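Treat the numbers as computed from the prediction; the structure is a model and nothing was measured. In what follows, chains are A, B, ... by sequence order, proteins preceding strands, each numbered from 1.
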Amino acid sequence: MNDGTTRRKLIKRALGASALAFAGGVGAVLARRYGLIPPDSGGLYGIGETLTYASQRVLLSRQNFAREFSRSQISKNFRGFGTVMPDYEPYFFSMIQGFSDWRLVVDGLVTKRVRLSLSEIKQLPSRTQVTEHICEEGWSAIAEWTGAPLSSVLNAAGVRPEARYVLFVCVDRHWGSLDMADALHPQTLLAYRMNGQDLPVAHGAPVRLRVERQLGYKSLKYVGRITVTDTLKGIGKGLGGSDPDAGYSWYAGI
Amino acid sequence: MADCAARPAMASQGIDTIVPRHSALIRLTHWINAISFLMLLVSGVAILLAQPALFWGETGFFGDPSLINLPMAQNEAQSGWGRSLHFLGAWIWILNGGIYVLSGLLTLHFHRDFLPERNQLAWRTLREVLSNQLLFKRPNIEEFYTYNIIQRLAYLTATFLLAPLTILSGLAMSPGLVAVVPALVEVFGGHQSARTVHFFAMSLLVVFLIVHVAMVSLRGFLPRMRAMITGRTSA
């Protein structure tokens, strides 16, 4: 091989590598610009988390609904799972009063901070849906949920345009977050009824989240406070929730 | 004779002649496939440990009649890393597998080497291959360069039936993707059915892997490894 072909080969390779690096750089900037990077994009598994989140964000639109079932398919023995009674004294006293003194706080990047009572939430337009709760462990069960779409609660507070995530803090010390696409989806509810009854304590009374296009652990129970934010950095490990902090994916659409 | 293009006039050549056997792309995708398959297997077991029971139909909950209770000790603490590793492995498996299948179709690798040839389907040949296989007879020289009917059917089944089935049944368990394409899960008859099919399709791939590695060992581990790493083999 003479020097000419070697040089040509080298130049070709350098050009190829630069093109690849450029494409990667443009891709990263675009992904960030269009909100395709999840908060847990770093670390060993970050590439997989990012590919999954980005591809589902591209594929899923507001029109894509989780499957809904008929009432006859409701599971007979769907008992509560995880926390079934929060270990928190003020919760207990509120519970025995039928949650009459309970208030849901909505704050952060909103035009006005609001505090809603359970009856105020029940006065908002409601949605009823029979959906399948799919647990990451492998089990699944169908139930009917009634609640106020989270979007109507957020609209009552007025979400500011720089909002990117909605953060949920729960009485049982769990916390988590959703991006705006899932937070504003019509099936995302603050549910207060299950199978036609008041939401049982074991299922997150008085109000739990329903996020039907993700796995069960994103549907947090005992929601107490909702904070609209533009960043998840500095909260816990910055991964967007207590489950991600414990090693679970932030985005659970798979 | 299958795959003549890759094997120049071997009948006239001696036992020690070195001839190319696997293309660089096949070797690369083979080993990436091997690594991602192990990632999927280990993490799949980690996820399964959280609920080592299989159900049929849409739902499955504690107390519901299960199809099979697997003899594994339940352990809910392994599914966090298990899931992350599983989906990283799945991305590699699908992208790498896609490249392999596409190139195999374009280069006619499947057409030449996997599709059974007419004479291989003759009853007498089938019986001969099967008895040779079962008696662990050392293959004749031609068989070093071409796949017999059993190999062809095994590779076809793994590549075009079992692997796609694990991918489809896996995607059918994704609540996000199912919201886009509900048919993904409906063809399996429900979420839990998809999970059960996923388990059995993967189990059959593990059987394929065991037989594959056993046959490679029986036929000469080092020459076969050399063929899949360097691309050259001596019979």
Which portion of B/Trp91 sits near chain A, non-hydrogen atoms under 4.5 angstrom: side chain
ring-ring contact (aromatic ring centres under 6.0 Å, His included) with B/Phe110: which of B/Tyr100, B/Tyr147, B/Tyr155? B/Tyr100
Between A/Arg213 and A/Phe65 (side chain of the first, backbone of the second, donor and acceptor by atom type, cut-off under 3.5 Å), is there such a pair? no
Check whether A/Thr188 reaches the backbone of A/Leu184 with its side chain - one donor and one acceptor, N or O, closer than 3.5 Å. no
Pick one of side chain, backbone, both or neither for A/Ala246, based on which atoms fall under 4.5 Å of a heavy atom in chain B. neither
Answer key: most heavy-atom pairs under 4.5 Å with chain B among A/Thr52, A/Leu44, A/Ile142, A/Leu59 is A/Thr52
A/Asn77 CG: over 12 foreign heavy atoms closer than 6.0 Å: yes
Would you say the side chains of A/Tyr165 and A/Thr231 form a donor-acceptor pair under 3.5 Å? no
Report which part of A/Ser55 has an atom under 4.5 Å of a heavy atom belonging to chain B: side chain, backbone, both, or neither. side chain
How long is the span from the CZ atom in B/Arg152 to the CG atom in B/Leu156, to the nearest 0.5 Å? 9.0 Å
Interface moiety of B/Val185 toward chain A, non-hydrogen atoms closer than 4.5 Å: side chain
Relative to chain B, which of A/Cys135, A/Gly48, A/Ser249 shows the most heavy atom pairs under 4.5 Å? A/Gly48
Pick from A/Lys76, A/His133, A/Gln56: which one has the most heavy-atom pairs with chain B under 4.5 Å? A/Gln56
Between A/Glu136, A/Gln73, A/Gln214, which has the largest tally of heavy atom pairs under 4.5 Å with chain B? A/Glu136
Taking a cut-off of under 4.5 angstrom between non-hydrogen atoms, the residues of residues 38-64 of chain B near chain A are B/Ile47, B/Ala50, B/Gln51, B/Glu58, B/Thr59, B/Gly60, B/Phe61, B/Phe62, B/Gly63, B/Asp64
By a 4.5 Å heavy-atom criterion (distance strictly below it), what part of B/Glu76 contacts chain A: side chain, backbone, both, or neither? both
Interface check, chain B: of A/Ser140, A/Ser75, A/Gly253, most non-hydrogen pairs under 4.5 Å belong to A/Ser140
Main-chain N/O of B/Ile26 paired to B/Ser23 side chain as donor or acceptor, under 3.5 Å: yes
Does anything in residues 163-174 of chain B reach chain A? List residues with heavy atoms under 4.5 Å apart, or say none. B/Ser174
Flag for A/Asn155-A/Ser152: side-chain donor and acceptor within less than 3.5 Å: no
Under a 4.5 Å heavy-atom cutoff, which of A/Ile134, A/Asp243, A/Asp40, A/Ile47 has the most pairs with chain B? A/Ile134
If you count the non-hydrogen atoms of other residues, nucleotides and ligands that lie under 6.0 Å from CZ in B/Phe160, is the total more than 12? yes
What is the distance from atom CZ of A/Arg13 to atom CG of A/Leu15, rounded to the nearest 0.5 Å? 12.5 Å
Aromatic ring proximity, centroids under 6.0 angstrom, B/Trp81 and A/Tyr45: no
Has the side chain of A/Lys221 got a donor or acceptor atom that lies under 3.5 Å from a matching backbone atom of A/Thr83? yes
Stepwise side-chain contact (heavy atoms from CB on, under 4.5 Å) check, B/Asn75 with B/Gln78: CA-CA 7 Å; B/Asn75 181 343; B/Gln78 309 307 323; 3.3 Å; yes
Indicate whether the side chain of A/Glu212 and that of A/Gln129 have a donor and an acceptor atom separated by less than 3.5 Å. yes
Quick check against the 3.5 Å criterion: does A/Ser41 have a side-chain atom that pairs as donor or acceptor with the backbone of A/Gly46? no
